[in-house]
Amino acid sequence: MTGSGEDRSGPRVRPSARLTALLTDAAIEAVGASGARAAGLYVRSSAPGVLRMAALAGLPGALFRPWWRVHVDRRFPVADAYRLGVQVVLPNATETMRRYPQFAAALPFPIGSICVPVTGAARTFGVLTVLRPATPEAAEVLPARDRLAELARELSVAVRPLEADDAALAWDEDPVCVAPPPTRPAAVRVGRFRWDPAADLATGDDTLRVLLGLGPDELPGGARALVRTLAKDDAQRLLELLRRAADGGPGPDGPLYVRTADGAALRVELWTPSRVEGIVLDAGSVADAAADQLPQGMFSLDRLGRIVHANPSAARLLGEPRARFLGRPLWEGVPWLGQPAFEDRLRAALLAPDPVRFHVRRPPPGEPADTAGPRRWPAEPFRPGEGDWLTVSVHPGADVVTCTVARTTGGAEAAAPPAPPVTGAAEAEAAHAGAAEASPAYRPIVLALALSEAVTARQVSAVVMQELLPAFGGRRLALYLLQERHLYLAWESGFPPGFLAPFQGVGLDARLPGVETLTTGQPLFFDSMDQLESAYPGIPLDAAEGARAFLPLIASGRPVGSCILGFDRAHSFSTEERAVLTALAGVIAHAMEKAQRYESEATLARGLQRALLPRRLPVHPRVEAAGRYLPGTQGMDVGGDWYDVVEAGDGVALVIGDVQGHGVQAAATMGQLRSAVRAFALDDRPPDEVLGGTNRLLIDLDPGQFATCCYVRLDPATGVARFVRAGHPPPLLRHPDGRTEVLDLPGGVVLGVDPHADYPVSELPMAPGALLALYTDGLVERPGGDIDDGITALRLALARAGAPPPRPGGRWLAGVADRLTSAARHAVDRPDDIALLLACRRARPGGTG
């Protein structure tokens with residue numbers, strides 16, 4: 001699922017009350033029917049290719065904002081269910097990571113999910129999806145899937161009357177978030193309500209229900225649930241209290257206890273900031289009273305993230321009056337807790353069964369609120385004993401999430417070891433997360449960002465080593481790639497010299513963990529070397545102590561290779577760590593797959609380039625020529641530059657060009673241009689006609705590319721050179737006396753743009769011994785540098801080439817070409833390909849001139 005940027009490209013349609021009710025009811029029913037922790041409904045929006053979450057049951061919508069929108073062409077479970085019309089069943093995190101690594105990286109929790117398409121009469125309407133506890137086998141999820149499929153069919157039938165107006169089935173609003181039914185009879189009931197004192201409340205229970213009904217900005221279920229269950233006498237007592245408070249009278253000194261129709265006790269707390277408001281909770285009786293006496297802070301949240309109870313110690317530690325945050329979402333009631341680090345922990349507590357614990361620094365008193373939105377307190381490294389630090393523990397529950405909060409400024413808490421120092425990308429990650437203990441959920445994101453610039457397998461491997469090992473404290477890394485059903489080592493670090501040599505080229509039938517993790521698609525974790533040896537008796541070990549993780553590299557369902565991560569000491573892999581490592585393996589696999597495609601295409605482009613460049617240049621008694629071509633070193637930076645020498649009539653044509661872009665298409669276009677120029681030159685056309693005809697041909701071919709070119713027609717007998725340029729860098733000329741100049745000649749636009757373009761011809765003499773240099777911009781241009789500086793440097797290098805020997809032949813001109821390209825040849829980060837063509841006019845044999 002993608003980012004939450006708003007997309008309002010189509011006509012915005014407000015959903016009908018009927019559609020809203022159908023979707024929210026279906027989401028609530030899906031939670032109970034499938035034993036899920038949360039359920040949602042995605043519906044197509046007015047923006048083409050975009051689904052929007054319309055209803056969400058059991059989770060706070062604001063906390064899951066990044067998943068409000070889904071592009072249907074992405075590789076995500078909801079998108080596949082919608083686009084392909086299939087059910088997507090993911091029983092556990094391992095299967096999710098194998099099939100949808102990006103989705104797993106976004107929600108790295110031990111959960112499963114089911115997505116079922118909801119089809120209308122004409123086309124798919126949306127997707128019903130649930131997040132549920134993980135199960136080892138997919139078979140255990142099938143009964144829940146069948147119940148969801150039946151719910152989806154019922155919803156399909158219910159929405160068909162709305163299909164007459166296609167726009168009525170589009171959803172462009174934020175999702176409606178509702179609480180699922182409680183799982184226990186004594187579950188917390190919570191709701192906020194507001195009372196309009198101008199309304200008439202004297203007409204009885206029916207009016208009371210309406211007046212206490214929820215408005216569009218209120219929390220669902222609260223006042224309605226209260227009025228529906230309240231005993232008649234207590235309803236009148238509450239009504240009188242509301243009327244008195246609205247008239248400015250005193251409210252109750254403490255909580256008001258009322259009875260429901262079946263005799264159960266409820267606690268009602270009221271306050272009057274500007275209008276009468278209230279929060280209704282379960283009585284809790286002795287438990288609540290006991291919690292209020294605890295010195296440790298404790299507060300509880302419902303499934304929608306609202307604070308349903310807080311003891312006085314929690315209010316004191318959080319620095320917020322209880323009346324301000326009770327009944328509100330946590331990120332509104334305590335804005336400074338609205339940090340990415342805490343949001344990650346809260347998501348984990350709402351979706352996973354394990355408690356989480358972290359440290360957070362409370363802002364000092366008087367820190368001003370940000371009226372534009374939630375306050376974001378700057379992230380700082382956790383330093384026990386320094387500042388007003390709090391330890392927050394979050395304990396999951398079926399209906400409520402209970403949080404404890406305590407100071408960390410002294411005692412045992414202060415003695416807790418600080419988080420290990422982090423550097424580089426991990427430091428940036430920690431700053432973004434808002435805590436020293438950077439959330440593991442961000443590690444796949446950090447790695448993906450770092451890998452975005454890597455385009456070769458070696459670059460991918462280097463990034464993985466730099467980012468993966470420090471993040472998990474590993475000391476060994478090996479990356480194997482699959483080629484023709486055998487695994488070959490692409491990168492290794494930290495293993496003893498020669499240890500991995502026997503495993504080079506092993507087949508997929510070998511019983512080795514690095515092979516079996518790929519063939520089964522299941523990651524293998526060994527907390528100790530004893531565990532590894534026990535599972536694979538007789539396997540060679542590189543150390544007596546340590547731990548190993550073997551991760552499958554699978555991209556888009558295709559095996560790419562395997563990754564081995566080694567630790568020097570025994571290491572217990574937590575559920576969260578296993579989830580994140582498996583998600584990281586998916587990210588690495590996709591990067592490796594992309595690198596392999598780039599390298600395959602680069603090999604093809606280089607082969608095509610070499611086939612299209614001249615194998616040897618023609619030999620003329622009066623003109624000596626030498627050419628060089630260097631491909632780029634970064635990914636697909638190959639294929640567009642060329643040079644040629646053509647004997648035409650009584651002269652020689654010298655040509656150099658550069659097709660915009662790189663790769664196979666650029667190389668193919670280059671071949672077509674070279675053939676065109678060659679054909680026009682052999683016909684002995686004037687230089688301006690050669691480029692004019694080539695320009696029109698490129699426009700007719702319409703490859704979507706343009707090219708620069710410099711064409712020179714040299715008469716070896718007279719030394720007259722006629723130049724024509726199409727957007728190409730200026731030639732360089734070294735005179736026999738050593739003077740070297742840039743020939744800043746007029747030129748026309750690049751080829752392939754204007755069919756009526758003119759290409760002016762410039763005429764210059766070349767004396768015997770003069771040396772002409774034609775080149776492409778890759779030789780003189782560097783990122784961030786000025787091309788004029790590069791041209792000047794090339795001119796000075798050409799001046800140092802010296803005068804040609806008296807007799808032609810030999811290696812002199814080839815040596816000059818090698819010296820001019822030497823620096824570029826040894827550069828490891830050459831971003832563009834390079835072409836160079838040198839031509840030297842020789843004196844007439846036996847004479848001069």
Side-chain angles (χ1 to χ4, degrees), residues 1-2 22-23 26-27 29-31 33-36 38-45 47-57 67-107 111-160 163 169-171 520-522 554-559 583 586 589-590:
M1 302 172 199
T2 69
L22 288 173
L23 299 180
E29 195 169 350
V31 173
S34 62
L41 266 153
Y42 283 88
V43 176
R44 62 177 182 260
S45 70
V50 174
L51 302 177
R52 290 188 68 94
M53 181 184 288
L56 179 63
W67 297 274
W68 284 7
R69 297 171 67 251
V70 176
H71 292 277
V72 298
D73 58 349
R74 295 293 177 88
R75 280 281 299 163
F76 284 93
V78 168
D80 279 2
Y82 180 86
R83 186 180 66 256
L84 304 176
V86 298
Q87 299 171 352
V88 179
V89 179
L90 303 170
N92 50 52
T94 300
E95 181 68 10
T96 304
M97 293 160 201
R98 187 180 71 82
R99 294 175 57 186
Y100 298 96
Q102 292 180 344
F103 176 59
L107 289 173
I111 56 174
S113 62
I114 305 173
C115 295
V116 178
V118 181
T119 56
R123 56 174 176 159
T124 302
F125 160 65
V127 176
L128 176 61
T129 180
V130 298
L131 299 176
R132 62 188 313 279
T135 58
E137 301 295 336
E140 300 179 39
V141 187
L142 297 183
R145 180 206 63 182
D146 293 342
R147 288 191 290 272
L148 288 176
E150 181 60 32
L151 275 176
R153 283 191 291 271
E154 293 174 0
L155 181 58
S156 299
V157 173
V159 299
R160 282 177 187 171
E163 285 188 293
L169 293 184
W171 191 280
T520 64
Q522 302 296 320
I554 298 174
S556 303
R558 292 187 296 274
H590 280 278

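Computation of the quantities below employed the complete heavy-atom set of this structure, encompassing side-chain atoms and omitting hydrogens, waters and symmetry-equivalent molecules.
In this structure, the side chain to side chain contact (heavy atoms under 4.5 Å, CB included) partners of Ala93, at least two apart in sequence or on a different chain, are Met97. Not counting sequence neighbours, the partners of Glu150 by the salt bridge (charged side-chain N to carboxylate O under 4.0 Å, His left out) test are Arg153. Residues satisfying the side chain to side chain contact (heavy atoms under 4.5 Å, CB included) test with Asp80, not counting sequence neighbours, are Arg75, Arg83, Leu84, Val88, Tyr100. Every residue two or more places apart in sequence or in another chain that forms a side chain to side chain contact (heavy atoms under 4.5 Å, CB included) with Ile114 is listed here: Val89, Val116, Val130, Arg132, Val141, Ala144, Arg145, Leu148. Listed by chain and number, the residues in a side chain to side chain contact (heavy atoms under 4.5 Å, CB included) with Ala555 are Val560, Ala589, His590, Glu593 (sequence neighbours excluded).
Here the straight-line distance linking atom CG of Leu51 with atom OG of Ser45 works out to 7.0 Å at 0.5 Å rounding. The CD atom of Gln87 sits 9.5 Å away from atom CG of Leu142, with the distance rounded to the nearest 0.5 Å. Taking CG of Asp146 as the reference point, atom OG of Ser34 lies at 12.0 Å (rounded to 0.5 Å).
A donor-acceptor distance shorter than 3.5 angstrom exists from the side chain of Asn92 to the backbone of Thr135, with no hydrogens or angles considered.
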Leu90/Ile111 under side chain to side chain contact (heavy atoms under 4.5 Å, CB included): CA gap, chis, key distance, verdict: CA-CA 9 Å; Leu90 303 170; Ile111 56 174; over 6 Å; no
Step-by-step side chain to side chain contact (heavy atoms under 4.5 Å, CB included) determination, Leu23 to Trp171: CA-CA 11 Å; Leu23 299 180; Trp171 191 280; 3.8 Å; yes
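Residues Ala152 and Val118 approach most closely at O-CG1, 3.8 Å, considering heavy atoms. Nearest heavy-atom pair, Tyr42 versus Trp67, reported as atom, atom and distance to 0.1 Å: OH-O, 2.6 Å. Closest non-hydrogen pair, Pro117 versus Val86, comes out as CD-O, 3.4 Å. Contact between Thr119 and Arg160 at its shortest, heavy atoms only, is O-NH2, 4.3 Å. Between Leu41 and Ala27, the shortest heavy-atom distance links the atoms CD1-N, 4.1 Å. In terms of heavy-atom proximity, Gly35 sits nearest to Pro133 at O-CD, 3.4 Å.
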